[in-house]
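Take a look at the structure set out below.
These figures come from a predicted structure and were not determined experimentally. In what follows, residues are counted from 1 in the order of the sequence shown.
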Amino acid sequence: MDLFDYVREKTKEKEAPLASRMRPRTLDEVVGQRHIIGKDKLLYRAIRADKLQSLIFYGPPGTGKTTLAEVIANTTSADFVKINATTAGKKEMTAAVEGAKNRLGQFGKKTILFVDEIHRFNKGQQDYLLPFVEDGTLILIGATTENPYFEVNQALISRSVIFELKPLSADDICVLLDRAVSDSERGLANLHVRLDEDAKRFLADASGGDAREALNALELGALTTDPDESGTIRIDLDTASECIQKRVVRYDKDGDDHYDTISAFIKSMRGSDPDAAVYYLAKMLYAGEDVKFIARRIMICASEDVGNADPMAMVVASAAAQEVERVGMPESQLILSQACIYIAGAPKSNACTNAVFSAKEAVRNYRTSVPPHLGDAHYGGSAKLGRGVGYRYPHDYPGNYVEQQYLPDEVKDLRFYEPTGNGYEKNIREYLRKIGKIR
């Protein structure tokens, strides 16, 4: 590094955003993620012992993926090379590999290659790294906000240990905010910032587990608020709320948040909790989820989980699906709210769901033929073949019912539909018991 590079790096450190300046430099400074870097955990022991293998850090923004990589860089005896997959090309990758080969060959020194946003590398780029990870030329540390099992080559996955980072708790973020306010070397202590307790709790809560979001808001407040007569910059609740205009909602429409939230939405309707159902609906709407997708899931739940306990549930769900296509947002949120609350509040039965799966199992396991008396008697010669002969038309009998066999002989003793005693399905059960179809 020449003089100009040195000056450039020092200026960059000084002018970097607060969130970057306050990155922990040692393991003891790291806040949160105790499930992977607690003192009895594998990653903590591996870093302390300098016995790392390839790793992939996976989690939402602002949870410490890059921070952990830099802590490792400050702790390990290996050389540390950092590239970003959004900007790095073949030239940067080749330079990293060749440098690692030279260090290993000349000095016996290992190289850790940190690839930020590794999911941005295409398959070919990931494949390029594979042999050098496999033969020990490189120790790879990848960081990604996407599920690595979907976005990273299986070959790299199999050679790496995956650690999932969780959103930081509000208490964790409060610790970081206090640290930033009191640190005179990298933080805001020299500006004489005073962060009110309620403002701190608001920033910690509103940042949604993203430390970067909270620290950026704190810095914005500090740099845009005039000091009082004593020279103190006071950040109160009003200032804090201005610095975070909108609560952060963790929702990636192509990733885990999408699947986890829709799963929670369906399970809340199934579990008859209208408050939870409408909450997850609001979260999806707030994040811009496709209203037609939501409506389809409500229709499925109406059949799968409500069924004949309330046949109107399917009518309501189908009507809602049609209406959201015709109306659009923002009015569709009213329609979807009514539908999901109706489904959540309806009596539940999965008897119809179980019936079709049980019947499919019987279809797979038995070779059957339609009983002759149920066959089609409308074509010429059908009577000679016995098709439709002996069929009894139910409406010719009292109560519009007559006993006769409908199932094939091979499965005639099986029962697929077992109605519950919930809602309207109780009426169905009583009728079927009356005519002798169930006991």
Quiz item: So, does Ser160 use its side chain to make a donor-acceptor pair with the main chain of Ile157 at under 3.5 Å?
Solution: no

Quiz prompt | Phe357, CZ: over 12 other non-hydrogen atoms inside 6.0 angstrom | solution = no

Quiz item: Would you call Cys243 and Leu218 a side-chain contact if the rule is heavy atoms closer than 4.5 Å?
Solution: no

Quiz item: Stepwise, does the side chain to side chain contact (heavy atoms under 4.5 Å, CB included) test hold for Leu43 with Leu55?
Solution: CA-CA 10 Å; Leu43 184 57; Leu55 312 170; 3.8 Å; yes

Quiz item: Does a side-chain heavy-atom distance below 4.5 Å link Met329 with Leu285?
Solution: yes

Quiz item: Would you say Asn350 and Glu304 make side-chain contact, with heavy atoms under 4.5 Å?
Solution: no

Quiz item: Counting N and O atoms only, with roles assigned by atom type, does the side chain of Arg297 sit under 3.5 Å from a partner on the main chain of Phe293, one being a donor and the other an acceptor?
Solution: no

Quiz item: Could you give the distance from CD1 (Ile47) to CD1 (Ile72), rounded to the nearest 0.5 Å?
Solution: 4.0 Å

Practice problem: I would like to know whether Val161 and Gln53 meet side chain to side chain contact (heavy atoms under 4.5 Å, CB included); could you show each step before the answer? | Solution: CA-CA 8 Å; Val161 180; Gln53 56 180 301; 3.6 Å; yes

Quiz item: If you take all heavy atoms of Val31 and Leu168, which pair is closest and at what distance?
Solution: O-CD2, 3.7 Å

Practice problem: Ignoring hydrogens and angles, tell me if any N or O in the side chain of Ser207 forms a donor-acceptor pair with the backbone of Ala204 under 3.5 Å. | Solution: yes

Quiz item: Salt bridge or not for Glu430 and Arg433, using N-O below 4.0 Å?
Solution: no

Self-check item: Salt bridge flag under 4.0 Å for residues Lys109 and Asp79
Solution: yes

Practice problem: Tell me, with the steps shown, if Leu176 and Met22 meet side chain to side chain contact (heavy atoms under 4.5 Å, CB included). | Solution: CA-CA 8 Å; Leu176 295 174; Met22 292 302 300; over 6 Å; no

Quiz item: Taking atom OH of Tyr401 as the centre, does the number of heavy atoms from other residues, nucleotides or ligands within less than 6.0 Å exceed 12?
Solution: yes

Quiz item: Do Met93 and Gln125 touch side chain to side chain, with heavy atoms closer than 4.5 Å?
Solution: yes

Exercise. Please name the residue in the list Asp196, Asp171, Asp178 that meets the salt bridge (Lys or Arg N to Asp or Glu O under 4.0 Å) test with Arg201.
Key: Asp171

Quiz item: Hey, mind stepping through Asn365 and Glu361 against side-chain hydrogen bond (donor to acceptor under 3.5 Å, both in side chains) and telling me if it holds?
Solution: CA-CA 6 Å; Asn365 294 334; Glu361 185 69 18; 3.2 Å; yes

Quiz item: Between the main-chain N or O of Ala16 and the side-chain N or O of Arg21, is there a donor-acceptor pair closer than 3.5 Å?
Solution: yes

Quiz item: Does some side-chain heavy atom of His35 sit less than 4.5 Å from a side-chain heavy atom of Gln33?
Solution: yes

Quiz item: Is the backbone N or O of Gly59 less than 3.5 Å from a side-chain atom of Lys65, with the two atoms forming a donor-acceptor pair by type?
Solution: yes

Quiz prompt | Ile173 side, atom CD1; Leu203 side, atom CG - distance, nearest 0.5 Å | solution = 9.5 Å

Quiz item: Do the non-hydrogen side-chain atoms of Arg48 and Leu27 ever get within less than 4.5 Å of each other?
Solution: yes

Self-check item: CZ on Arg23 to CZ on Arg212, rounded to 0.5 Å
Solution: 6.0 Å

Quiz item: Between Asp172 and Ser169, is any side-chain donor less than 3.5 angstrom from a side-chain acceptor?
Solution: yes

Quiz item: For the residue pair Ala351 and Glu425, what are the closest heavy atoms and their distance?
Solution: CB-OE2, 3.5 Å

Quiz item: When rounded to the nearest 0.5 angstrom, what is the spacing between CG in Asp290 and CE in Met284?
Solution: 11.0 Å

Practice problem: Examine distances only and state if a side-chain atom of Arg45 and a backbone atom of Lys39 form a donor-acceptor pair shorter than 3.5 Å. | Solution: no

Self-check item: Tyr342 versus Asp310, side-chain donor and acceptor atoms under 3.5 Å
Solution: yes

Quiz item: Please walk me through it: do Glu197 and Lys200 pass salt bridge (Lys or Arg N to Asp or Glu O under 4.0 Å)?
Solution: CA-CA 5 Å; Glu197 187 65 26; Lys200 178 174 68 176; 3.2 Å; yes

Exercise. Tell me, yes or no, whether the heavy-atom count around Tyr406 atom OH, taken from other residues, nucleotides or ligands under 6.0 Å, exceeds 12.
Key: yes

Exercise. Heavy atoms only: give me the nearest Ser349-Thr420 pair and the separation to one decimal.
Key: OG-CG2, 3.6 Å

Quiz item: How many angstroms lie between OH in Tyr366 and CG in Asp409, if you round to the nearest 0.5 Å?
Solution: 13.0 Å

Quiz prompt | Any donor-acceptor N/O pair, Lys267 side chain to Ala277 backbone, under 3.5 Å | solution = no

Quiz item: Is the backbone N or O of Arg392 less than 3.5 Å from a side-chain atom of Gln404, with the two atoms forming a donor-acceptor pair by type?
Solution: yes

Practice problem: Taking all heavy atoms of Ile235 and all of Ala240, pick out the closest pair and write down the distance. | Solution: CG2-N, 4.3 Å

Quiz item: Has the side chain of Lys348 got a donor or acceptor atom that lies under 3.5 Å from a matching backbone atom of Ala346?
Solution: yes

Quiz item: Just wondering, do Asn153 and Asp127 contact through their side chains at under 4.5 Å, heavy atoms?
Solution: yes

Exercise. On the 0 to 90° scale, with breaks at 30° and 60°, tag the Phe114-Phe80 ring pair as parallel, tilted or perpendicular.
Key: parallel

Practice problem: Decide yes or no for Leu113 and Leu129: does some side-chain heavy atom of the first lie under 4.5 Å from some side-chain heavy atom of the second? | Solution: yes

Quiz item: Does the ring centre of Phe132 sit less than 6.0 Å away from the ring centre of Tyr128?
Solution: yes

Quiz item: Sub-3.5 Å donor-acceptor pair from the side chain of Glu29 to the main-chain atoms of Arg25, do we have one?
Solution: yes

Quiz item: Does a donor on one side chain and an acceptor on the other come within less than 3.5 Å for Thr26 and Asp28?
Solution: no

Exercise. Answer yes if the side chains of Ser241 and Asp238 hold a donor-acceptor pair under 3.5 Å, and no otherwise.
Key: no

Quiz item: What pair of heavy atoms forms the shortest contact from Gly32 to Ile37, and how long is it?
Solution: O-CD1, 3.8 Å

Quiz item: Using a distance-only test with no angle check, is there a side-chain donor-acceptor pair under 3.5 angstrom linking Asn122 and Gln126?
Solution: no

Quiz item: Atom CD of Glu151 and atom CD1 of Ile118: how far apart are they, to the nearest 0.5 Å?
Solution: 11.5 Å

Exercise. Output, in order, the C-alpha distance, side-chain angles, deciding distance and verdict of side chain to side chain contact (heavy atoms under 4.5 Å, CB included) for Phe150 and Asn147.
Key: CA-CA 6 Å; Phe150 296 150; Asn147 191 323; 3.7 Å; yes

Exercise. With side-chain hydrogen bond (donor to acceptor under 3.5 Å, both in side chains) as the test, would you mind laying out the steps for Asp50 and Ser77 before giving the verdict?
Key: CA-CA 7 Å; Asp50 198 8; Ser77 61; 2.6 Å; yes

Self-check item: Closest non-hydrogen atom pair between Val71 and Pro24, with its separation
Solution: CG2-O, 3.6 Å

Practice problem: Show the numbers, then the answer: is there a side-chain hydrogen bond (donor to acceptor under 3.5 Å, both in side chains) between Arg120 and Thr86? | Solution: CA-CA 6 Å; Arg120 299 283 188 181; Thr86 59; over 6 Å; no

Quiz item: Is it true that the side chains of Ser54 and Arg159 contain a donor and an acceptor less than 3.5 Å apart?
Solution: no

Quiz item: Passes salt bridge (Lys or Arg N to Asp or Glu O under 4.0 Å), Lys412 versus Glu410? Steps please.
Solution: CA-CA 6 Å; Lys412 64 184 178 63; Glu410 296 83 356; over 6 Å; no

